[in-house]
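Here's the structure, in structure tokens; my notes come after.
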Amino acid sequence: MSKRAVENVEDCSTKQAAKRNKHWSLGLVESMKDPEVIYKETKSIVVIKDKYPKAMIHYLILPHEEISSIYKLNKTHLNLLNEFGSMFNLIKEEHDSELRAGFHAVPSMQRLHMHVISTDMNSPSLKTKVHWNSFTTSFFISYEELIKKLTEDGYIQKISNDTHKILMSLPLKCNQCSFEPKNMPQLKQHLLSHIK
DNA sequence: GTTCTAGAAC
DNA sequence: GTTCTAGAAC
């Protein structure tokens, strides 16, 4: 989280808390309680529909347990993460589309959450280069990759600010072919050609 | 995370 | 002149 964002979170405990507003970064924790957006729920995890889906199918899997991000994970969480994997398999069984599961290297929202997203990337809420690169570059840490890192290292290493900037600045490239669009509108138009 | 919009890019 | 991107939001 940026210095500015930290200041804003702190600000919530004062001015904004007085107005009973919650900081935007707590949005997922709020959504988890909303029956309208809950897709599935077990004793330990919840699956919700992403409020601003970046593909035709886009869910989030979150634990009830208060884990703020992937950077709080250790080997004791492997059982919980195994449930994430089982849930991902279950969701895949219920859909015809190709689905990917993974985590953002620098999450914006609090509460550990795993994206389950279809590869079409066809959605009105997909608007910016940051959106695109956060799902199609190594900024997206696949489920398998996260399990591997956690098993081997016992924790998830943070990426540097420089690496973050570089990944978000990478030129646009189609996730399904070698096409390199010159801007977002061109990419979005191109993605339609991959839809059956 | 989104919204809004100034000004860069075209 | 219009399209598009990128940074502030108290």
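In what follows, chains are A, B, ... by sequence order, proteins preceding strands, each numbered from 1.
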In the strands shown, is B/dG1 matched to any nucleotide by a Watson-Crick or G-U wobble pair with both distances under 3.5 Å, and which?
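When the pairing criteria are applied, nothing turns out to pair with B/dG1, so the answer is none.
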Is C/dC10 paired to anything, Watson-Crick or G-U wobble with both distances less than 3.5 Å, and if yes, which nucleotide?
none
Could you state the [atom1]-[atom2] distance from [X] to [N], rounded to the nearest angstrom?
X        : N     : atom1 : atom2 : value
A/Ile117 : B/dG1 : CD1   : P     : 11 Å
A/Lys51  : B/dT3 : NZ    : C1'   : 12 Å
A/Leu126 : C/dC4 : CG    : C1'   : 15 Å
A/Ile48  : B/dG1 : CD1   : C1'   : 12 Å
A/Met109 : B/dT2 : CE    : P     : 8 Å
A/Gln189 : C/dT3 : CD    : P     : 15 Å

Cation-pi between A/Lys92 and A/Phe88: NZ/CZ under 6.0 Å from ring centre and within 45° of the ring axis?
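Output yes; distance and angle both within limits.
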Quick check with a 6.0 Å cut-off and a 45 degree axis cone: is A/Lys158 positioned over the face of A/Tyr71's six-membered ring?
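Yes; both conditions hold, so A/Lys158 lies above the ring face of A/Tyr71.
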Note: A/Lys72-A/Glu66 ion pair, threshold 4.0 Å (strictly below):
no
Report yes if at least one side-chain N or O of [X] is closer than 4.0 Å to OP1 or OP2 of [N]; otherwise report no.
X        : N     : value
A/His131 : B/dG1 : no
A/Lys127 : B/dT3 : yes
A/His104 : B/dG1 : yes

Closest of B/dT3, C/dT5, B/dG1 to the A/Asn183 side chain is C/dT5
Are A/Met109 and A/Val116 connected in the hydrophobic side-chain network, where two residues link if heavy atoms are under 4.5 Å apart?
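No, A/Met109 and A/Val116 fall in different hydrophobic clusters.
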Do A/Leu126 and A/Phe140 sit in one hydrophobic cluster, given that two such residues count as connected whenever their side-chain heavy atoms are within less than 4.5 Å of each other, even indirectly?
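Looking at the clustering, A/Phe140 is in the same group as A/Leu126.
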Check nucleotides 6-10 of chain B for protein N or O atoms closer than 3.5 Å to its own N or O atoms and list the pairs.
none

In terms of ring plane angle, is the pair A/His104 and A/Phe135 parallel, tilted or perpendicular, where the classes change at 30° and 60°?
perpendicular
A quick test of your reading: do over 12 heavy atoms of other residues, nucleotides or ligands sit less than 6.0 Å from CD of A/Gln157?
no
